[in-house]
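The structure appears right after this line, and notes come after that.
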Amino acid sequence: MNREKYSRQILFREIGESGQERLLRSRAIIIGCGALGAAQAEMLARAGVGFLRLVDRDFVEESNLQRQIMFEERDAAERLPKAIACARRIARINADVQTEPVVADVNYKNIERLITDVDVVLDGTDNFETRYLINDACVKHGKPWIYGAAVGSYGLTMTIRPGVTPCLRCVFEKIPPPASSPTCDTAGIILPVILTVASIQVTEALKLLTGSIEKLHGGVIQVDVWETSFHRVSLQKVRERADCPACRHRRFEFLEASLRQSALTLCGRNAVHISGLGDVSLDLREIAERLKPLGEVTLKEFLLVFRVNGYELTLFPDGHCIIKGTEDMALARSLYARYIGI
Amino acid sequence: MSVTVRIPQPLRRFTENRDVIELSAGTVGELLEQLERQYPGITERLREPDGQLRRFVNIYVDGEDIRFLSGLATEVRDGTEVSIIPAIAGGSESVLRC
């Protein structure tokens with residue numbers, strides 16, 4: 001171990017030399033490398049967590065740069081997938097850290113494989129469907145995971161230790177419907193709240209990885225950086241009382257859900273996201289050849305961009321696709337069927 | 001007689017941006033009725049049309065989830081602190097499924 005590199009962290013008694021050694025041997029996954037995920041990745045990499053799996057389905061855009069601290073102008077210009085951009089930056093920050101970028105949609109087919117060989121799971125997602133899937137997989141395999149979300153200047157976080165604390169479904173029984181929670185497009189978002197929530201999540205991860213279990217905060221933390229308010233509600237009594245399908249009855253409804261290709265409107269981006277197909281790996285070169293006579297094709301290392309009739313389709317190897325130029329999901333599906341046809 | 005209600009940011013557009021509101025009531029249900037009288041529209045975000053608490057919104061009375069107390073009939077008294085915590089998704093995507 002390079003003691004000099006981590007000397008200030010080793011001086012922090014709660015971590016010390018043995019804690020640092022544990023961190024270097026630890027494995028973490030960050031699911032979603034947007035604002036929260038990029039901040040988590042930066043902090044975990046600098047702390048010397050030995051292995052980071054970075055999962056994201058999107059590419060870097062200019063509007064991300066205000067809050068997604070791992071990305072730079074040129075990543076947006078190159079449309080680099082976020083997972084790849086994160087891994088490249090980590091290689092420049094700390095060579096002790098091994099990364100595994102995964103450019104894919106997380107779904108019921110791959111989630112268990114992604115989480116079973118890590119010590120902790122960090123939530124950097126932006127939707128409840130993926131979170132309930134993470135929750136099911138983590139409860140099933142006994143993996144701790146750390147929920148975090150932010151909007152405006154407000155954030156929420158909670159640490160889940162299956163079998164010990166309440167899980168996400170004990171606390172929030174149902175997925176909120178679309179209109180009920182403000183998203184960044186209606187409420188906006190500022191970076192300080194992202195860094196605040198990510199800092200609490202990463203601190204919890206460091207406690208878990210170094211064995212400071214008794215120091216975990218054990219509740220739901222609500223923070224508002226604009227109002228300067230910080231509030232923790234204890235969840236001590238929730239678990240024993242909740243009749244939870246996941247952690248009490250071990251019924252994993254989100255893991256068992258059969259795959260249905262879903263479409264999702266990306267508000268504010270005039271775009272629709274079409275989900276991937278699970279365990280496929282498309283030959284983008286072959287698809288590029290096929291599409292060339294029909295429109296303008298740009299083949300990049302990790303994705304393919306196809307422009308036709310004012311629409312722009314960005315296709316990834318696992319089959320997921322972002323279609324710009326419409327918010328009409330039926331139209332997006334038909335464009336996908338016509339041109340990608342899988 | 002006053003109960004402290006903490007309003008999370010997503011609901012503050014109903015409360016003229018106030019984050020803490022003092023009300024007097026005997027139960028959580030009465031508290032919500034008062035809140036609605038003072039800030040019309042707010043409880044529609046918290047309750048189903050049949051009046052039940054929405055299942056992605058939690059209300060804590062002195063740190064205890066009212067689902068495991070007496071629900072909307074849970075008693076509150078002078079000095080009680082009530083927190084409202086709705087689930088938030090975050091991110092820039094809105095979840096609109098077809």
Side-chain angles (χ1 to χ4, degrees), chain A residues 32 34-36 63-64 125-129 131 148-156 171-187 189 197 219-220 222 224 226-227 229 231 233-238 240-242 262-269 273 327 329-330 333, chain B residues 4-21 28 41-50 52-71 74 76 80-98:
Chain A
L36 281 173
S63 65
N64 301 152
T125 66
D126 53 13
N127 66 85
F128 271 97
E129 289 190 4
R131 288 195 182 100
V151 64
S153 60
Y154 174 78
L156 268 188
V171 175
F172 296 115
E173 293 179 299
K174 240 181 139 177
I175 292 186
S180 72
S181 58
T183 65
C184 292
D185 291 308
T186 55
I189 180 88
V197 172
V220 174
Q222 267 184 307
D224 188 325
W226 207 259
E227 303 294 334
S229 73
H231 186 65
V233 176
S234 165
L235 292 175
Q236 227 160 9
K237 295 175 187 154
V238 172
E240 56 201 68
R241 299 193 186 190
S262 70
L264 195 69
T265 300
L266 306 181
C267 279
R269 283 174 66 177
H273 175 268
E327 289 190 354
M329 287 181 277
R333 278 175 189 281
Chain B
T4 303
V5 186
R6 307 185 71 97
I7 309 291
Q9 195 202 40
L11 294 176
R12 277 186 220 145
R13 61 196 159 92
F14 294 99
T15 62
E16 294 150 7
N17 231 16
R18 292 175 62 191
D19 60 336
V20 175
I21 288 166
V28 173
I42 189 169
T43 57
E44 198 188 310
R45 308 304 292 270
L46 306 175
R47 304 169 85 155
E48 300 289 352
D50 67 1
Q52 288 303 303
L53 192 65
R54 291 184 185 268
R55 293 207 291 169
F56 48 85
V57 174
N58 293 341
I59 296 182
Y60 297 88
V61 168
D62 288 333
E64 266 243 65
D65 189 334
I66 64 164
R67 278 185 292 154
F68 310 125
L69 299 171
S70 312
T74 301
V76 291
T80 299
E81 186 174 274
V82 176
S83 301
I84 300 172
I85 304 191
I88 59 165
S92 58
E93 295 182 9
S94 125
V95 251
L96 262 178
R97 298 206 57 176
C98 64

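Throughout, a chain's letter reflects where its sequence line sits, starting with A, and its residues are numbered from 1. What's counted below: heavy atoms across the whole structure, side chains too, no hydrogens, waters or symmetry copies.
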Carboxylate-amine/guanidinium contact B:Arg12 A:Asp224, below 4.0 Å
yes

How far apart are the closest heavy atoms of B:Ser83 and A:His231, and which atoms are they?
OG-NE2, 3.0 Å

Is chain B contacted by the side chain of A:Ser153, its backbone, both, or neither, given a heavy-atom distance below 4.5 Å?
both

Neighbour count >12 (heavy atoms, 6.0 Å) for atom CD, B:Glu48:
yes

Looking only at heavy atoms, which two atoms of A:Phe172 and B:Pro86 are closest? And how far apart?
CE2-C, 4.0 Å

Within the structure provided, determine whether A:Gln222 and B:Arg6 are in side-chain contact (heavy-atom separation under 4.5 Å).
no

A:Val197, part contacting chain B, at a heavy-atom distance under 4.5 Å:
neither

Between chain A and each of B:Asp19, B:Ile85, B:Asp62, B:Leu11, count heavy-atom pairs under 4.5 Å; write down the option with the most.
B:Ile85

Engaged part of A:Leu36 at the chain B interface, taking heavy atoms whose separation is under 4.5 Å
neither

Toward chain A, the part of B:Tyr60 with a non-hydrogen atom under 4.5 Å
side chain

What heavy-atom pair brings B:Asn58 and A:Val171 nearest, and what distance separates the two atoms?
ND2-O, 2.6 Å

